[in-house]
Amino acid sequence: SSRHQAASGLGIASQITAMRKFADAEGLVEAGVYRDEGVGGAEPLHKRHGLLTALREVKKGDVVLFADRSRIGRHPLVVMSIESEVFKSGGVILTADGLSRSTDAPEQVLIRRLIDSVNEFQRGILKAKTSMALKELKKSGLSTGNPPFGYQVCPVDGKTLRKSDREQKMLKTVLNR
């Protein structure tokens, strides 16, 4: 889950609830819950410690259950590498939304690849929209997170950026060398 979902606790909690309902309906027994709180599916695999642990523990016949395909990853190559690791261990991947059955049937592979491409596209669109919105906020002088060096958030309104005298001095010293 993203850091915002992790902070609220809603992202992971709702995913786990959905997966447990699916597992109960399918007669699956929960062997463990592996979390990557604050780490989204778009992050590289080496930053997803919970997933890496789960992949190391997969054995023949195991089911690795995700809430949906986007939770596996947001880049098709990353998703394929995760699937490959699970398949090599003799496991299968399922999703609680019921859209993903982990078989080698050509139509299932096609559906999975299409969903993965759509997830990558959705992430790209969201990233572009967020970037545009942040640029607009910045243009209007409103804070968009950590202020750039040389600036601070105005303590009066908590939104507007203003120059930091101390940091501006440092910048001048560095630039005048």
Of all heavy-atom pairs between Pro148 and Glu167, which one has the smallest distance, and what is that distance? O-OE1, 4.4 Å
Which pair of heavy atoms, one from Phe87 and one from Ile93, lies closest together, and at what distance?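 Taking Phe87 first and Ile93 second, the nearest heavy atoms are CE2-N, 4.5 Å.
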Do [X] and [Y] make a side-chain contact, defined as non-hydrogen atoms from C-beta onward lying under 4.5 Å apart?
| X | Y | result |
| --- | --- | --- |
| Met19 | Ile16 | yes |
| His75 | Val79 | no |
| Arg56 | Thr53 | yes |
| Lys135 | Ser140 | no |
| Gln152 | Leu161 | no |

Using a strict threshold of under 4.0 Å (side-chain N to carboxylate O), is an ion pair present between Glu85 and Lys88?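 Result for this pair is yes, salt bridge flagged.
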Is it true that Arg112 and Glu107 have a side-chain N and a carboxylate O under 4.0 angstrom from each other?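 Glu107 and Arg112: not salt-bridged.
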With rounding to the nearest 0.5 angstrom, report the [atom1] to [atom2] distance, [X] to [Y].
| X | Y | atom1 | atom2 | answer |
| --- | --- | --- | --- | --- |
| Ile72 | Met80 | CD1 | CE | 12.0 Å |
| Leu51 | Phe66 | CG | CZ | 5.0 Å |
| Lys60 | Ser89 | NZ | OG | 11.5 Å |
| Arg166 | Met170 | CZ | CE | 4.0 Å |
| Leu52 | Leu45 | CG | CG | 4.5 Å |
| Arg69 | Asp116 | CZ | CG | 4.0 Å |

Side-chain donor/acceptor of [X] to backbone N/O of [Y], under 3.5 Å:
| X | Y | value |
| --- | --- | --- |
| Gln168 | Gly150 | yes |
| Thr130 | Lys127 | no |
| Asp62 | Val58 | no |

Once salt bridge (Lys or Arg N to Asp or Glu O under 4.0 Å) is applied, what residue pairs with a partner in residues 44-54 remain, sequence neighbours excluded? Asp36-Arg48, Glu43-Lys47
Apply side chain to side chain contact (heavy atoms under 4.5 Å, CB included) to Thr17 and list each qualifying residue two or more places apart in sequence or on a separate chain. Lys21
For Leu110, the side chain to side chain contact (heavy atoms under 4.5 Å, CB included) test, sequence neighbours excluded, returns Leu114
With Lys129, which residues qualify under side-chain hydrogen bond (donor to acceptor under 3.5 Å, both in side chains), at least two apart? none
Residue set satisfying side-chain hydrogen bond (donor to acceptor under 3.5 Å, both in side chains) with Ser70, at least two apart, ordered chain then number -> Asp68
Which is it for Arg123 and Glu120 under the salt bridge (charged side-chain N to carboxylate O under 4.0 Å, His left out) test, yes or no, and what are the steps along the way? CA-CA 5 Å; Arg123 181 176 186 281; Glu120 181 183 35; over 6 Å; no
Around atom CZ of Phe121, are there more than 12 heavy atoms of other residues, nucleotides or ligands at under 6.0 Å? no
Which residues end up grouped with Tyr34 if you chain together Ile, Leu, Val, Met, Phe, Trp and Tyr wherever their side-chain heavy atoms are less than 4.5 Å apart? none
